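Values in this document were obtained by computation on a predicted structure and should not be read as measured data.
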Amino acid sequence: WAPPCRVPTPAIVARRCDGPRGAAAMGQRCGSRLLPAQPGEPPNPSAMEGARSSSSSSMPRGSASVSRSESNGSGAPKLSRQRSMTVKAFQVRVAERSFPDEDRNHPVRLVVFDLDETLTLTTFMSEDGTYDEGQHEFTTLINFESPWVQGCRVEKLRRMFEELAESREGERRAIAVLTRNSHREGVRAVLNLLKVSHLDEHIDAIWTMPARMSIPSGAYRHHDGTWRFFDPPVGRLLDHKVSVLKSVAAQPKAWLPQLKSEQCPEALKDLGELRLENIVLVDDQEANFQNGQGRLLRYAKVTRYHATYHDLGYIEDMGGIGAHDDQDFALLKNFVEDPWLYKETLKMNCMEIRSERTDQHLPVRLIVFDFDETLTMATFLPDDNAFNSDIDWRPSGQNIGTWRQGELMLCNWESPWVKGRRLKRLQTMLAQLKKGKEGPRELVILAPREGSAVSIVNLLKVGRLDGYFSAVWTFPPIDGVPNGVYKEAGVWKTFDPPLDEVRDNSNKSEVLKHILENTPSWLPQLSVGYQDANKMELLRLVPENVVLVDNEPMALTGRASRDVPRLCKVMRYDENYRDCGLLYQMGGIGAHTSEDFDLLVNFVKNPWEYPCELPDDGEEVEPIAERMSKRLPSMRRFSDIEGDWSRTPRGRAQPASAAASPNSPRDEGSEGTRSRSEAEDEEDEG
């Protein structure tokens, strides 16, 4: 048997993937290595080349390569400039977090992979979790092969495992799978799925969670090559991958039983002593890298996306290493070899996806912001009826529900991880964004939240940000609640945007498409001669006139990325935040680096300097649905996406009055943390 490969597998070249201007959250190379090129800077040579180009320092803005060609008539050769590097929209993100002993460069000795949407693109399994020989090829195709890249992905995975299993110094690394796959047969079903593509031959252990009664939670490959089931101590731990991997580091023999055997290969015996920094987790869910008890120090985040998959229709929350970009494999290998060169950064990622009008360099006329965890750090709303329903509400310096005004401003807008006032930088950035060379730009908010748009405007008023926006819309619609507000002559007014006309009014991509096609219905102020010089331009919007700024990755892939090709992705993260405890899926422009503000301004001015090529949808469409109904009628999708953590609503670990206690948790050790007195001063200013 051989994997179903329609195209010969191209050689995978182990080279550094500099792309990110795009993958800006991917850890940047530090130390003696070169940092990835940013817009306006020359690109860096790959890590494998190991040499700096002598002409790179003279490269112009937006150029990735400079070559001398024909004469320009003055005797000097004429320069031809062509950009060769682009943003990577789907590239895996790798990072090493800071830890006390990081200067010692601890090597990676164990690489742990998630299964669903990490090794698989999407997981389809039979009802009983078994497959006969005639079903192997089809099962491999639907789970592991990508229609978006050439070559056999299974072969690329096997080659990646072989390279990861041995360091450049010849030391053995262990490969394991840790999954929350929900199949009723547990680890047996996972092992059988890996066997159909022979990927199990490269794996040392498989662990499933949570623990289940009468079903083993582990399997390991014995030194004779056979697989044996066992019970790792999953049931005694908190149901989270961080807790599991901390246990693996503390007692590796309980998770890798082959280490107890006298016949254990000599190369594996060093795994008997592990530290957490010796482990890398490769996963498609951000929430698996941190919990209330700690965080993983090294991780690789696989991008999730929505896509039309063969003839199975539109599938949400897909993933897979190398599903869209072969460079994922080389990047992961380089990261595992030298993780200390990829320090974690949480910088915004801006891109222009190529479209039919890309070469026209159309100016940006409309900037659409998400609200929660894009403008805010994390959204906290007071339980106050007037605040949430009265568009004429104004901050007065008094308490708002149970919140003091300064506290509400602090928790929503200010970052404890950067120096200075994030709110002031946000105000400066928005003012710059409104001024365009070709005329003023309009700033609006489109927020996927079930509730009134009024509360968003009033929270903007608390931060003195409402003056920069022309409209706020929320979706999906709710009866009796205004889903839209717009500003006319400096006064905010409520209205009902035409959400009932949108084909799927719970989908941001569909809502954006309707806004572009029916702009006056969404901006009622246009009907009364609002800014005459700019009015006609807003009535003739095309997708290339719009920039979407969002923290939700699903909004930036699939259909949405083609409806709005100019995108800015705000990075999400999990963090202990002020007196709120651990918050999942936080965000915020400039939350961790002030470079975000300048990056967004520069992108809006010249979006064509941040090109991004999306993979084709695939030339061939496999008739998978019919084959599935005939060969494996019981096959269905299994996944662990229900394990993701919600970001809303936000809550505080203790009431506001307790925050002043000297024993309350706060970020005093973090650079840029603002004290309680600063919040009170800000309240007085208001």
Side-chain angles (χ1 to χ4, degrees), residues 11-38 43-53 56 85 88 91-113 118 156-157 159-176 202 245 248-249 267-268 270-271 273-283 289 295-303 321-322 325-347:
I12 297 179
V13 181
R15 64 186 179 89
R16 180 183 169 194
C17 308
D18 274 317
R21 281 169 295 275
M26 183 181 74
Q28 294 187 359
R29 285 181 175 264
C30 303
S32 61
R33 302 297 179 96
L34 301 175
L35 294 175
Q38 299 298 318
N44 302 320
S46 71
M48 295 298 103
E49 292 169 344
R52 184 189 298 269
S53 169
S56 64
M85 294 192 303
K88 299 293 185 181
Q91 194 173 65
V92 66
R93 172 164 59 94
V94 298
E96 178 188 74
R97 288 168 164 154
S98 296
F99 55 95
D101 207 16
E102 60 183 310
D103 292 337
R104 292 187 57 190
N105 292 353
H106 298 280
V108 174
R109 298 164 68 185
L110 172 63
V111 185
V112 181
F113 290 85
T118 297
K156 297 170 191 176
L157 285 171
R159 191 178 308 158
M160 177 192 71
F161 284 142
E162 290 171 359
E163 293 173 342
L164 291 178
E166 185 175 346
S167 72
R168 71 164 69 97
E169 290 79 19
E171 296 178 352
R172 174 78 156 84
R173 294 192 192 97
I175 309 292
H202 305 274
L245 294 181
V248 172
L268 279 177
D270 286 344
L271 293 171
E273 296 182 4
L274 281 177
R275 299 163 58 111
L276 193 59
E277 50 265 43
N278 296 134
I279 300 174
V280 167
L281 175 63
V282 186
D283 207 303
F289 303 134
R295 59 170 64 186
L296 299 179
L297 304 177
R298 292 165 173 173
Y299 66 85
K301 169 69 170 64
V302 176
T303 301
I321 302 166
D325 192 340
D326 281 342
Q327 292 186 4
D328 279 2
F329 303 109
L331 175 59
L332 185 57
K333 176 182 179 294
N334 292 340
F335 172 63
V336 169
E337 286 287 354
D338 301 305
W340 41 86
L341 299 180
Y342 296 83
K343 294 300 182 183
E344 183 183 52
T345 62
L346 293 168
K347 188 177 177 181

In terms of heavy-atom contacts, L164 and R173 come closest through O-NH1, 2.8 Å
Mind checking whether V112 and V280 have side chains closer than 4.5 Å, heavy atoms only?
no
Tell me whether D328 is salt-bridged to R93, with the criterion being a basic N under 4.0 Å from an acidic carboxylate O.
no
For the student: nearest non-hydrogen atoms of W340 and K343, plus distance
O-CE, 3.5 Å
How about F335 and Y299: are their ring centres within less than 6.0 Å of each other?
no
Any donor-acceptor N/O pair, R298 side chain to E277 backbone, under 3.5 Å:
yes
Rounded to the nearest 0.5 Å, what separation is found between the CG atom of L276 and the CG atom of L297?
4.5 Å
Could you check whether any side-chain heavy atom of P339 comes within less than 4.5 Å of a side-chain heavy atom of V108, counting everything from C-beta outward?
yes
When every non-hydrogen atom of L331 is compared with those of V92, the smallest separation belongs to CD2-O, 3.4 Å
Step by step, would you call V302 with D283 a side-chain contact (heavy atoms from CB on, under 4.5 Å)?
CA-CA 6 Å; V302 176; D283 207 303; over 6 Å; no
Please check: side-chain N/O of E96 versus main-chain N/O of E344, any donor-acceptor pairing under 3.5 Å?
no
Taking R97 for the side chain and L296 for the main chain, is one N or O donor matched with an acceptor at less than 3.5 Å?
yes
Which heavy-atom pair separates L110 from I175 by the least distance, and what is that distance?
CD1-N, 4.5 Å
CD of E162 to NE2 of H202: how many Å apart, nearest 0.5 Å?
5.0 Å
When every non-hydrogen atom of A300 is compared with those of L332, the smallest separation belongs to CB-CD1, 3.9 Å
Is there side-chain contact between F329 and K156, with heavy atoms separated by less than 4.5 Å?
yes
Determine the minimum heavy-atom distance between P107 and N278, stating which atoms define it.
O-ND2, 2.7 Å
Is there a side-chain contact between D338 and R168 (heavy atoms, below 4.5 Å)?
yes
Point-to-point distance, once rounded to the nearest 0.5 Å, from CD1 of I321 to CZ of F113
5.0 Å
With a 4.0 Å cut-off, would you call E163 and K333 a salt bridge?
no
